[in-house]
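Every number for a ligand or one of its atoms is a count from 1 in the order of the listing. The residues of the chain are indexed from 1 along the displayed sequence. Nothing here was measured: the structure is a model prediction, and the numbers come from that model.
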Amino acid sequence: MTRATAVAHPNIALVKYWGKADQRLNLPATGSLSLTLDIFPTTTTVELTNDPMDRVMLDGVELSGDESARVRSVLDLVRERAGTGTHALVTSTNTVPTAAGLASSAAAFAALAKASSAAYGLSLSDAELSRLARRGSGSACRSIFGGLVRWNKGTSDETSVAERLEWQGEPLAMVVSVISSARKKIGSRAGMNHTVTTSPYFEGWVSSNNALVERASSAVERADFTSLGEIAEMSALRMHASMLGAEPPLRYLTSRSFAIFDAVQELREDGLEAYASADAGPNVKILCRSREASLVAHALRERIEDVKMHVSNSGPGAYLLDEGERPSAA
Ligand code: PMV
């Protein structure tokens, strides 16, 4: 095959990844655990060309600089394995606002790993794809898999890999609030490096969060939604605490974000179980049970003005599309 198209969805970490142990290999300082969404897919086509260089198009615009270099670094790994120097045209379409802390890079690099390996004729296992996607963006290693996913931090390229976890509980959902879809000022890569090098809280974050990965995994095994939700909210707030301790402080959450955290707490007090989380941006993601997701979204719309709420169920792992086929989830 000289051309392949893949679809991947964003994932939202319930136990967060923040901080690298190895910059080149993208090994994380802490394990993490996420839910893959069924909204905001990225579709990526990789086509081998006779051009003297790779070209990368995102939503109709040609990328240059750092962004295209990250894509090319993944292509280089694929070419090395395939034993070829042939360049490629990469065409990608995002349906999520790019770089607003809504995990667009996770879906993008998972789709790139899947499409590029197929285009270059490699037949990789999901674990190998996960490792490849990780090199483009850490969190992308989780989007290779659907549902609940654990990224084992590992100590090497081989051992730092995600795996799917079985969930026997009631179906899960995520309500994604969009306060702002503006591009974030500080990307996650720069933000985490800044936290690693300047925050006195970073060590506490790492050790406590690794413990939360174990507690969350055991909550998943027991299908214990309440513990999973409580751990998720705690991990998100601890991650933001580590950033707030940086010099100068790094603050992605706004008063609007906190208003949603407050509203989610009110919902719980009213007996509607929901838990808030946020990443490298102001937008808050709310974990809840699938059957209560529209209720949660409705209750939040009533409490918070002018915030878009998107409801997502648990989504699929990255998959290839046949020529001319359209993504199954929109
Ligand atoms: O993989 P990156 O560089 O997009 O970093 C993701 C970091 C967070 O989204 C804030 C947390 C996470 O685990 O996804």
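Classification of Glu163 and Arg142 as a salt-bridged pair fails, no side-chain N sitting under 4.0 Å from a carboxylate O. Between Asp262 and Arg268, no side-chain nitrogen of the basic residue sits less than 4.0 Å from a carboxylate oxygen of the acidic one, so the salt-bridge criterion is not met. Remark: Arg256 does not engage Asp306 in a salt bridge, criterion side-chain N to carboxylate O under 4.0 Å.
The ligand atoms of ligand 1 that sit less than 4.0 angstrom from a heavy atom of Ser188 are 2 (P), 3 (O), 4 (O), 5 (O). The ligand atoms of ligand 1 that sit less than 4.0 angstrom from a heavy atom of Ala13 are 12 (C), 13 (O), 14 (O). Taking every heavy atom of Ser105 and a limit of under 4.0 angstrom, the matching atoms of ligand 1 come to 4 (O). The atoms of ligand 1 that sit less than 4.0 Å from any heavy atom of Gly138 are 1 (O). Close contacts of ligand 1 with Ser137, meaning ligand atoms under 4.0 Å from a residue heavy atom, involve 1 (O), 2 (P), 3 (O), 4 (O).
For ligand 1, the polar-atom distance check finds no N/O of Ser32 at less than 3.5 Å from any of the ligand's N/O atoms. Residue contacts with ligand 1: Trp18 is placed with no nitrogen or oxygen under 3.5 Å of a nitrogen or oxygen of the ligand (distance criterion only).
When each of Ile144, Asp157, Leu124 is paired with Leu132, the side-chain contact (heavy atoms from CB on, under 4.5 Å) condition holds for Leu124 and for no other. Each of Arg79, Arg70, Arg72 was scored for a salt bridge (Lys or Arg N to Asp or Glu O under 4.0 Å) with Asp54, with one residue passing: Arg79.
In the candidate list Met192, Met239, Arg142, Arg142 is nearest to atom 12 (C) of ligand 1, counting heavy atoms.
Atom NZ of Lys153 and atom NZ of Lys20 lie 14.5 Å apart (nearest 0.5 Å).
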